[in-house]
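In what follows, a single structure is set out as structure tokens and then discussed.
Because the structure is predicted, anything quoted here is derived from the model rather than measured. Convention: sequence-line order gives letters A, B, ...; per-chain numbering from 1.
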2 protein chains.
Amino acid sequence: MARAPFHREGEAVRRDALIAATAQCLATHGAGGISVRMVAAAAGVSAGLVTHYFGGIDDLIAATYHATGDRIGALLDAAVAAAGPTPRARLSAYVEANFRPPISDPELLATWAAFWALAGSNPAIAAIRDSVAAATRAQVESLLAACGARETRLAAIGLTALIDGLWLERSLNPATFSAAEAGALAERWLDALIG
Amino acid sequence: MARAPFHREGEAVRRDALIAATAQCLATHGAGGISVRMVAAAAGVSAGLVTHYFGGIDDLIAATYHATGDRIGALLDAAVAAAGPTPRARLSAYVEANFRPPISDPELLATWAAFWALAGSNPAIAAIRDSVAAATRAQVESLLAACGARETRLAAIGLTALIDGLWLERSLNPATFSAAEAGALAERWLDALIG
DNA sequence: ACCGTTGTTATACACGTGTAAAACAATTTG
DNA sequence: CAAATTGTTTTACACGTGTATAACAACGGT
């Protein structure tokens with residue numbers, strides 16, 4: 001039959017489009033509802049390009065996880081870099097960035113929650129998740145130590161758990177509380193963790 | 001071909017077996033990996049019984065969510081009922097029960113996390129999740145109020161978010177911290193929330 | 001022992017899935 | 001303008017999916 005007309009593009013353009021489409025589909029349909037044909041349609045290409053550029057849907061999802069983690073990490077780093085000079089200001093900036101757009105956008109939260117779901121049963125996704133979580137905790141430990149916190153390992157675990165729990169709740173039902181309320185709770189936990 | 005021999009059973013026995021099998025499959029394979037054939041095999045019956053007793057896999061998953069929520073709620077109620085008479089003892093018992101078997105068993109946590117994943121894209125599951133979460137927060141608000149906490153709505157949100165975040169982390173990687181450490185963090189948050 | 005009831009299995013069906021690769025079209029080069 | 005390159009679409013394939021239901025087997029009653 002007649003083929004759809006198309007423009008030829010470089011590899012990076014196609015890969016980025018497929019990654020963005022995957023993030024969107026994960027957010028909208030969850031880990032169990034995503035498919036090759038759905039992602040290709042969202043990216044405006046045909047399904048063959050998934051295998052062509054990524055070797056398959058699993059590798060595309062893994063690449064999307066990396067890209068999303070890099071994006072969130074860059075946003076958090078920028079927030080800390082832009083903060084006031086005191087250690088507490090930097091830690092507060094880190095926390096606040098979690099509950100401000102673009103990180104607090106429901107679509108980004110939903111994509112991230114989909115990765116959590118996949119990590120439970122997909123070893124490759126679990127490995128990415130472990131390395132992302134370890135890097136996050138290391139960064140938070142460093143920020144907490146600068147503030148004089150004791151037992152920084154457990155404090156970092158406690159802080160990231162609260163942030164993840166608030167993210168999870170907002171991705172499932174954004175009406176439960178506002179991003180500002182989430183930020184206020186996290187500040188209060190910081191007060192308790194630092195002493 | 002020759003049929004598999006079987007014993008006839010009452011409806012309740014079959015439904016309970018299918019629900020238990022569903023929880024197990026959700027824990028092991030996640031929300032995206034479960035199937036009718038898999039659940040039926042785990043229950044020791046044939047796939048036709050899923051449609052026969054539940055109308056389909058979606059209704060079976062919803063029934064499993066209800067059953068799991070009821071089980072967790074009963075465990076938490078029992079912990080509070082068995083606690084010392086002071087409001088703080090009751091609240092601490094509530095928190096501690098979250099991080100002690102059977103609630104802290106990885107399989108139960110993984111099943112629960114699978115429901116979170118399904119809630120993101122399945123309206124029926126989302127509705128069950130909203131009602132379970134609302135009931136949990138109401139109970140926690142009541143326990144917090146008895147301890148003299150102010151702004152109990154936000155405090156309840158903060159406490160359940162930390163518990164959920166710690167559950168999530170342990171379901172994804174139980175080696176990150178112990179259940180005892182999780183309980184200690186939650187107690188520390190209680191101290192901060194009650195003042 | 002036979003019959004009726006009904007719990008249950010096995011099968012068929014239509015559909016969606018991910019992947020592979022032949023074939024084609026866009027674009028560049030000579 | 002023709003040929004070469006290569007990005008991309010389309011198609012085919014094997015497989016797994018959920019559901020419906022005919023047929024059968026377990027069991028109880030007479």
Each nucleotide N or O in nucleotides 27-30 of chain C that has a protein N or O under 3.5 Å away: list the pair and distance.
from, atom 1, to, atom 2, distance (Å)
C:dT27, OP1, A:H7, ND1, 2.9

For nucleotides 21-23 of chain D, which of its nitrogen or oxygen atoms have a protein nitrogen or oxygen under 3.5 Å away, and what is each distance?
from, atom 1, to, atom 2, distance (Å)
D:dA23, N3, B:R3, NH2, 2.5

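Nearest-nucleotide mapping onto DNA chain D: of A:S46 and B:P5, the residue sitting toward the 5' end is A:S46. When each of B:A4 and B:A47 is assigned the nucleotide of DNA chain D bearing its nearest heavy atom, the one mapping closer to the 5' terminus is B:A47.
Partners of A:Y94 by ring-ring contact (aromatic ring centres under 6.0 Å, His included), not counting sequence neighbours: none found. Every side chain to side chain contact (heavy atoms under 4.5 Å, CB included) that B:A83 has, sequence neighbours left out, goes to B:R90, B:A93.
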Please tabulate, for the side chains in residues 9-27 of chain B, all donor-acceptor contacts under 3.5 angstrom to protein atoms that are two or more places apart in sequence or on a different chain.
from, atom 1, to, atom 2, distance (Å)
B:R14, NH2, B:H7, O, 2.7
B:R15, NH1, B:Y53, O, 2.9
B:T22, OG1, B:L18, O, 2.7

Side-chain donor-acceptor distances from residues 141-151 of chain B under 3.5 Å, at least two apart:
from, atom 1, to, atom 2, distance (Å)
B:E141, OE1, B:T152, OG1, 3.3

Solution key, residues 70-79 of chain B side-chain donor-acceptor pairs under 3.5 Å, sequence neighbours excluded:
from, atom 1, to, atom 2, distance (Å)
B:D77, OD1, B:Q139, NE2, 2.9

Scan the side chains in residues 38-48 of chain B for donor-acceptor partners under 3.5 Å anywhere in the protein, sequence neighbours excluded, and list what turns up.
none

Could you list the donor-acceptor pairs under 3.5 angstrom formed by side chains in residues 187-195 of chain A, with sequence neighbours left out?
from, atom 1, to, atom 2, distance (Å)
A:E187, OE1, A:R88, NH2, 2.9
A:E187, OE1, A:S92, OG, 3.2
A:E187, OE2, A:S92, OG, 3.0
A:R188, NH2, B:L193, O, 3.1
A:W189, NE1, A:G158, O, 2.9
A:D191, OD1, A:R88, NH1, 3.0
A:D191, OD1, A:R88, NH2, 2.7

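Donor-acceptor pairing under 3.5 Å, judged by distance alone, is absent between the side chain of B:R37 and the base of D:dG16.
For B:Y53, a side-chain nitrogen or oxygen approaches OP1 or OP2 of C:dT8 to under 4.0 Å. At least one side-chain nitrogen or oxygen of A:S35 sits closer than 4.0 Å to the OP1 or OP2 atom of C:dT17.
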Practice item. Assess whether side chain to side chain contact (heavy atoms under 4.5 Å, CB included) is satisfied between B:I163 and B:F99, documenting all intermediate values. Key: CA-CA 9 Å; B:I163 292 173; B:F99 301 109; 4.2 Å; yes

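Each side-chain hydrogen bond (donor to acceptor under 3.5 Å, both in side chains) pair with one or both residues in residues 154-173 of chain B, not counting sequence neighbours, appears once here: A:R129-B:E169, A:D130-B:N173, B:E169-B:T176.
Sorted by residue number, the members of residues 55-65 of chain A with any non-hydrogen atom under 4.0 Å from DNA chain C read A:G56, A:I57. Proximity of residues 20-33 of chain A to DNA chain D (heavy atom under 4.0 angstrom from any strand atom) is not detected for any residue.
Here the side chain of A:D105 pairs no donor or acceptor atom with the backbone of A:E107 at under 3.5 angstrom.
No engagement by A:V50 is indicated, since no non-hydrogen atom pair under 4.0 Å with the nucleic acid exists. Within the nucleic acid shown, A:E9 comes within 4.0 Å of sugar-phosphate atoms alone, with no base atom in reach, counting heavy atoms only.
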